[in-house]
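Shown next, in structure tokens, is the structure this report addresses.
Counting starts at 1 for both ligands and their atoms, in listed order.
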Amino acid sequence: TVSARAASGVAEAAPADLDAWRRAATAAAPGGDLSALNRITPEGIVVQPLYTAADTAALPAKDTLPGFAPFVRGPQPTMYTTRPWTIRQYAGFSTARESNAFYREALHSGAQGVSVAFDLATQRGYDSDHARVAGEVGKAGVAIDSVEDMKALFDGIALGGTSVSMTMNGAVLPVLAAYVVAAEEQGVPQARLRGTIQNDILKEFMVRNTYIYPPGPSMRIVGDVMAHAAAHMPSFNSISVCGYHLQEAGAGPALELAFTLANGRQYVQTAMARGLDVDGFAGRLSFFFGVGMDFYLEIAKLRAARLLWCRIMRGLGASNERSLMLRMHCQTSGCSLTAQDPHNNVVRTTIEAMAAAFGGTQSLHTNALDEAIALPTEASARIARATQLILQEETGIPGVIDPWAGSHAMEKLTHDMAEAAWKTIEEIDRRGGMAAVAESGWAKMQIEAAALGKQARIDSGRDVVVGVNKYRSPGETRIDHRSIDNQAVLADQIVSLRQVRSRRDGAAVAATLDALSDAARSGEGNLLALTIDAMRARATVGEVSDALELVYGRHHADSPQVSGVYAEAFESAEDWEKLRGEVLAFETARSRLPRLMIAKLGQDGHDRGARVVASAFSDLGFEVVTAPLFQTADECARQAIEHEVHAVGISSLAAGHRTLVPALIQALKDLGAHHIVVFVGGIVPPEDHAFLFEAGVRGIYGPGTSIPSSAKDVLDQILKTPDA
Ligand code: SCA
Ligand code: 5AD
């Protein structure tokens, strides 16, 4: 009877009538068009308003189990039910002593691993006392010059027990070697070290720019690190193949996934080409993804990553189960966070952290709410850490493995994400492989075009960012932020460098450095093993870098600029046309177009903003010169004058602005170029604004500034200034 069926729940399980739903939804859809309810992502993935069994019926990999290939559902059979992901907050600032205090406090308060951020001088292989890095020592990370600093960094932290990640790529040899020696002197042999070195140089050439040597020698270094670790450091992950920075530079999830996996495959091929057995090292490859705000797609991306990596590794002949499983660290997205209403960032980070957990990450960093303003304070870092602790200990989320599995939507999106990424991987193959597209600039252009599209969608209001282009707060929320006295850090580093240099056996150091240069020249020997000898003898990071630079040289990149992508998004917008009109009026008044140089100073290579601004201003009709990276203030001033620009826009993301921008203005004055207007964009804490304006800066454009509004201001400021 009907009532008996209802009681057993059968009545509620009447078969779905998809056609009936379609009719009802079509009637309710705008314009009676059901497809209007689809969202098509910028990467062409269709997100439907409803998924049913019909969407998943034909999917191949939807009924798998965690801990078993193809590992869609996670690398471990029990996942977080026996061991939740590692809470590992990326951090570093000032001196080794100060960062050490921060790590100890974090470990004491719930962090479960360490993740070291080095300052840009260290990342680019300069000792703190090098003239090129005066403004940057201890700013965006911790300053490390020698084994002595490394020992101070881990003072009181047992290196055999704590797993340590180090974000180091360009200067991977001296930094990893210093770590090995510091551990050795703590009584922990390298065989017992647990942790991860980033060692992902391909993405440096693509987006992050902390390379030192040209691509060829850089790949040898990557291979030497992998080979040494495979032989002597069995518990250490010798590479962390990064998607995070690709996403931060503008890539959507499918592009991030494709490029990351293709980079990973390139490293495997590089190691295999030198004769390493794939199963001898592949189990210690690790990955690192960014997790942004597109909730379902980010979970799908992490599931798809494991699926595709298993396919790739089987294709390369791996047979050990461990070689087939992708293990990952995730970081919530820095570029999704805002300087406006910064407390909203806690909400964004929580949502992203949930996506990372649902996606089955092994390790996680949650960004602090002051991300878009400065480095985390004690207080903001505490909230960021608590975000993970709450997820792990209050929500019950870790109690169910891969809980989205079997969801029609999630299974279909996982499949679609994998397909989209695979298509890009096939295109990379057609173009000669990842090393080729990284070197030709094609890869960078794809990411940059995506970044410009995103900027245009935000500036035109199509993508909503709460508090930035919609629901803006009438007032400004001021929050405390960390500021670092880099002159004091520099003074400290100079003292310790002097001590190291005076106490060591100079001849012994010279011999180890010569051996290193010889090995670089001949192609023989393992560069990491030789660097360990050098660091043990107390060579410095800068000296090791120099010994290699002598043979390899320093790499200078030159990459073409994307054009037209930004303009396209604005096509008919009224204020766009108005602004273009003003640019043309400027040309009439000054008998040439406004000419602008976009530059970054010092070792800060995060150039997404600079490149987006350069391309968008150029679409607006400005003549734009993009200065090469890593210039000193003097070099930049000379270039600006040579190019006869009206203005220089400095993009600063690594806190060097307080030293470098006033130096630029002074250099322009010294060269008689008072008429060149200077602007600053990027991460500049509000407290620094008055200081910079006093130094002569004419405009400061922080995160969330729309490009048409900064362009208008730049134009007005130039017009107020008498021409040369
Ligand atoms: C884990 N284990 C389990 C288990 N879960 N065993 C049984 N059952 C389970 N459920 C075991 C693992 O097999 C492993 O042992 C051990 O426990 C540790 O777990 P794990 O999952 O490997 O976790 P972890 O040690 O934290 O390693 C995670 C990962 C590693 C593999 C991803 O590479 C890592 O920590 N990466 C972090 C990278 C990072 O911090 N990057 C910051 C970049 P075995 O090892 O013996 O198997 S910041 C950056 O670059 C951005 C900014 C910038 O500056 O531009
Ligand atoms: N401390 C903490 N987080 C940092 N990040 C970069 N440098 C540091 C540091 N020294 C984080 C930010 C940024 C990303 C690249 O890494 O979140 O977006």
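Gln186 contributes a side-chain N or O that, together with a main-chain N or O of Ile157, makes up a donor-acceptor pair within less than 3.5 Å.
The N/O atoms of Leu375, backbone and side chain alike, include none that comes under 3.5 Å of an N/O atom in ligand 2. Among the atoms of His365, none of the N or O lies under 3.5 angstrom from an N or O of ligand 2. Polar contact check, Arg208 against ligand 1: a nitrogen or oxygen pair lies under 3.5 Å apart. The N/O atoms of Ala91, backbone and side chain alike, include none that comes under 3.5 Å of an N/O atom in ligand 2. For Ser240, no nitrogen or oxygen atom sits less than 3.5 Å from a nitrogen or oxygen atom of ligand 1, counting backbone and side chain alike.
Proximity of Gln76 to ligand 1, defined as any heavy-atom pair under 4.0 Å, is confined to the side chain (atoms from C-beta onward). With a 4.0 Å cut-off on non-hydrogen atoms, Glu371 touches ligand 2 through its side chain and not its backbone. Of the heavy atoms in Gln89, none comes closer than 4.0 Å to ligand 2. When non-hydrogen atoms are compared, ligand 1 lies under 4.0 Å from the backbone of Met328 (N, CA, C, O) but not from its side chain. Contact annotation for Phe288 and ligand 1: only side-chain heavy atoms (C-beta onward) come within less than 4.0 Å of the ligand. The residue Phe93 has no part lying near ligand 2, judged by heavy-atom distances below 4.0 Å. Only side-chain heavy atoms of His245 come within less than 4.0 Å of ligand 1; its backbone N, CA, C and O stay farther off. At a heavy-atom distance under 4.0 Å, only backbone atoms of Ala140 (N, CA, C or O) approach ligand 2.
Gln362 CG, 3.2 Å is the protein heavy atom nearest to atom 21 (O) of ligand 1. Among all protein heavy atoms, the one lying closest to atom 43 (C) of ligand 1 is Thr167 OG1, 3.2 Å.
Going from atom SG of Cys242 over to atom CD of Glu256 covers 10.0 Å, rounded to the nearest 0.5 Å.
In this structure, Arg322 counts as a contact residue of ligand 1, since one of its heavy atoms falls inside 4.0 Å of the ligand. Residue contact check for ligand 1: Arg284 places a non-hydrogen atom closer than 4.0 Å to it.
Salt bridge Glu298/Lys301: present, at least one basic N to carboxylate O contact under 4.0 Å. A salt bridge links Arg482 with Glu378: at least one charged nitrogen is closer than 4.0 Å to a carboxylate oxygen.
Closer than 4.0 Å to atom 14 (C) of ligand 1 lies none of the heavy atoms of the protein.
No hydrogens or angles considered: nothing links the side chains of Gln362 and His329 as a donor-acceptor pair under 3.5 Å.
Each of the following atoms of ligand 2 lies closer than 4.0 Å to a heavy atom of Asn367: 17 (O).
Checked against Arg97 for a salt bridge (Lys or Arg N to Asp or Glu O under 4.0 Å), the options Asp149, Asp492, Asp155 give a single hit: Asp492.
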